[in-house]
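Worksheet: the structure to be examined is printed underneath.
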Amino acid sequence: MTNPFGVRPVINASATLTALGGSLMPPSVLKAMTEGAAHFVDLPELHDHVGERLAALTRNEAACVTSGAAAGITLAVASCVGEPAQAFPADAEVVMFAGQRNGYDYSARLTGARIVEVGPSIEELRAALARRPACVLWFAGAHYAADALPIEDVIRVAREHASAGPTPAGPPAVPVIVDAAAQIPPVSSLWRFTTELGADAVIFSGGKGLRGPQSSGLVLGKRWIVDRCRAHASPNQQIGRGMKVGKEELLGLYAAVDWTLEQDEEALLAGYEQIVDRWIAGLREVPGVVAERGYPSEAGQPHGRAVVRLPATSGWTRDGLVQALWDGDPRIAVGVFGVPDDAIALNPQTIEPGEDLVVLDALVRHLSSGDGERAGRDA
C-alpha cells in the first residue's frame, strides 16, 4: 500500500469490520467502479436497472442499493413508518427484542420511531404487535440469538396482526425487517430470509462478505418496501438524501454480488477451515497455549475461527498481546469479540494468501519470547 499519509496497512485476522475497511474488493468490482467513474449517467435510471438485475440474481421481488447496511435500516424502517413526502407520525413504534438492542438502534430512531422492547416469548411479541407498530426489526447472527425468538416464529406471529400502515393500501400485516449485514457466507442468506421465510425485507452490508464497496449496502425483499426505500433515498430530498449512493457503488455492488454468486462456496469455506487448522497446529507447539476451533464465527457465519487462550506463564494480558500485534511490523489485527478475557480469536475470512503464516509467526514469536513479562513490567 502506497500513501502519502504514513498510514500502515493491516493484516486483518479479526473480521470484516468497518473500522478496518470491511473487506477487499476483487478485480471485477474495481473494474466496474472505475468504468462507472468515467461517465455521467442518469442516476435514478441506473438505480432502477441495477435494482432489477440484483433482484433477479438474488431471487427477490426487488432490490435497492444503499450507502451501507445502517442506511438500509433507516430507509427500510422509514418505508414502514410513512410514505415519502409525508410527515412521519409522532407515535410510530418499532418492535425489537431487548437482547438485540445495539448501536444500530440509531438507524431506526432517525425516523422518530420509538423502540418497543419485547422478551423472547410469543406472548410478549403478540402484545407488542397488537399496538399496530410500524414494523419488527430483527437482527441475524449467533450473538443475537440467545434472547430472541427465531425469525420463523417472528414472521408467523407478525402475519397475524394488522399493520398501522401509512395508508389503507399499506401492507396487510406488521412488516418484518431482518438485518443480516454480516450473514454472508452463506450466500443463501440473500434469499432465505425473504423468499423462503417470508420477511418483508433483508439488509446486507455491501462491503463485508459480498466484497463490494465498503460504503454500500443492499435492501432486498417485497417490492412495496423497496420502492419506498428508493423514494426515501437520494437523490430525492427525503430522509435518505444524505445517504448518497454514487454510480461507482451501484456498479461495484452489482459486480460484487455477481462475483459472489459465481464462487464455489464449499471450496471457499474449506479453505477457511484449512487456515484455522494451520493456526491451531502451529500454536499448539507453544508451551501452555491452548488453541481450539471456535464455531461459528463471531457473526454466526458457517466457518470456524481459531480461539487462542493465553497461558498465565507467558505474562501476556489479552489487551497487551493485541496491542503488541497492532504495533508490530506488519501491523496485525485480531479479534476479541465473543471469546474469554484471556483469549483472542483469529478469523480466516479476511486473510489473503500467505498472511495466515505471517500471523502465526508473529504469535509464536510473542508467546514464546517472554515479551509479555517485560510488557507487564513496563506498563
Side-chain angles (χ1 to χ4, degrees), residues 18 22 32-33 36-37 40-58 60-89 92 94 104-113 134-135 137 165-167 170-171 175 177-181 190 194 199-208 210 212-257:
T18 296
M33 295 184 73
F40 292 108
V41 297
D42 182 317
L43 196 61
E45 182 183 13
L46 183 60
H47 259 290
D48 291 343
H49 285 294
V50 169
E52 289 171 5
R53 295 289 295 276
L54 285 172
L57 284 176
T58 62
N60 282 274
E61 286 184 18
C64 174
V65 178
T66 66
S67 59
I73 294 175
T74 300
L75 294 172
V77 170
S79 299
C80 299
V81 169
E83 291 191 272
Q86 294 184 1
F88 290 146
V94 174
Y104 298 102
D105 288 6
Y106 284 108
S107 298
R109 290 162 54 198
L110 280 175
T111 64
C135 62
L137 179 58
T167 70
I177 300 169
V178 175
D179 179 285
L190 289 169
T194 48
D200 294 87
V202 62
I203 299 160
F204 298 96
S205 169
K208 294 185 184 292
L210 289 173
Q214 168 65 2
S215 56
S216 68
L218 184 59
V219 178
L220 302 170
K222 302 288 177 59
R223 183 165 296 281
W224 73 263
I225 195 169
V226 173
D227 284 350
R228 287 183 183 174
C229 284
R230 284 277 292 108
H232 277 298
S234 177
N236 302 309
Q237 295 179 343
Q238 303 294 326
I239 191 171
R241 181 63 180 87
M243 304 170 190
K244 188 177 295 184
V245 177
K247 57 190 187 299
E248 298 81 9
E249 286 76 28
L250 283 165
L251 295 172
L253 185 55
Y254 172 76
V257 172

Check: Glu61 side chain, Arg223 main-chain N or O, donor-acceptor pair, under 3.5 Å: yes
Given 3.5 Å as the limit, does a donor-acceptor pair link the side chain of Asn60 with the main chain of Leu190, or not? yes
Compare every heavy atom of Ala69 with every heavy atom of Ile203, then report the nearest pair and how far apart it is. CG2-O, 3.5 Å
Can you confirm whether Ile177 sits close enough to Val219 that some side-chain heavy atom of one is under 4.5 Å from a side-chain heavy atom of the other? no
Within a strict 4.5 Å, meaning less than it, do heavy atoms of the Lys208 and Thr18 side chains meet? yes
I'd like to check Phe88 versus Ile239 (side-chain heavy atoms, cut-off strictly below 4.5 Å). Are they in contact? yes
So which heavy atom on Thr111 is nearest to which on Thr74, and how close? CG2-O, 3.9 Å
Minimum heavy-atom distance between Leu75 and Gly240, given as atom pair plus value: CD2-CA, 4.0 Å
Here the gap from Leu218 atom CG to Thr66 atom OG1, rounded to the nearest 0.5 Å, amounts to 7.0 Å
Could you tell me if the ring centre of Tyr254 sits under 6.0 Å from that of His49? no
Is a side-chain N or O of Asp227 found less than 3.5 angstrom from the main chain of Trp224, in a donor-acceptor match? no
State, yes or no, whether a side-chain contact exists between Val94 and Asp105 at a heavy-atom distance under 4.5 Å. no
Minimum heavy-atom distance Ala32-Ala255, with the two atoms named: CB-CB, 3.8 Å
Trace of the side chain to side chain contact (heavy atoms under 4.5 Å, CB included) decision for Val50 with Leu253: CA-CA 9 Å; Val50 169; Leu253 185 55; over 6 Å; no
Would you mind reporting whether Arg241 and His232 have side-chain heavy atoms less than 4.5 Å apart? no
Report yes if some heavy atom in the side chain of Val245 is under 4.5 Å from a heavy atom in the side chain of Ser234; otherwise report no. no
Any side-chain heavy-atom pair of Ser205 and Leu210 under 4.5 Å: no
Minimum heavy-atom separation for Pro175 to Asp200, with atom names? CA-OD1, 3.2 Å
With heavy-atom distances below 4.5 Å as the criterion, would you say the side chains of Thr194 and Lys222 are in contact? no
Can Ile73 and Tyr104 be said to form a side chain to side chain contact (heavy atoms under 4.5 Å, CB included), step by step? CA-CA 8 Å; Ile73 294 175; Tyr104 298 102; 4.1 Å; yes
For Ser67 and Ser215, indicate whether the former's side chain and the latter's backbone hold a donor-acceptor pair under 3.5 Å. no
For the pair Leu43 and Leu250, evaluate side chain to side chain contact (heavy atoms under 4.5 Å, CB included) and give the outcome as yes or no after the intermediate values. CA-CA 9 Å; Leu43 196 61; Leu250 283 165; 3.8 Å; yes
For the pair Asn236 (side chain) and Arg230 (backbone), establish whether a donor and an acceptor sit closer than 3.5 Å, ignoring hydrogens and angles. yes
Minimal non-hydrogen separation, Cys80 against Ile225, with atom names: SG-CD1, 3.7 Å
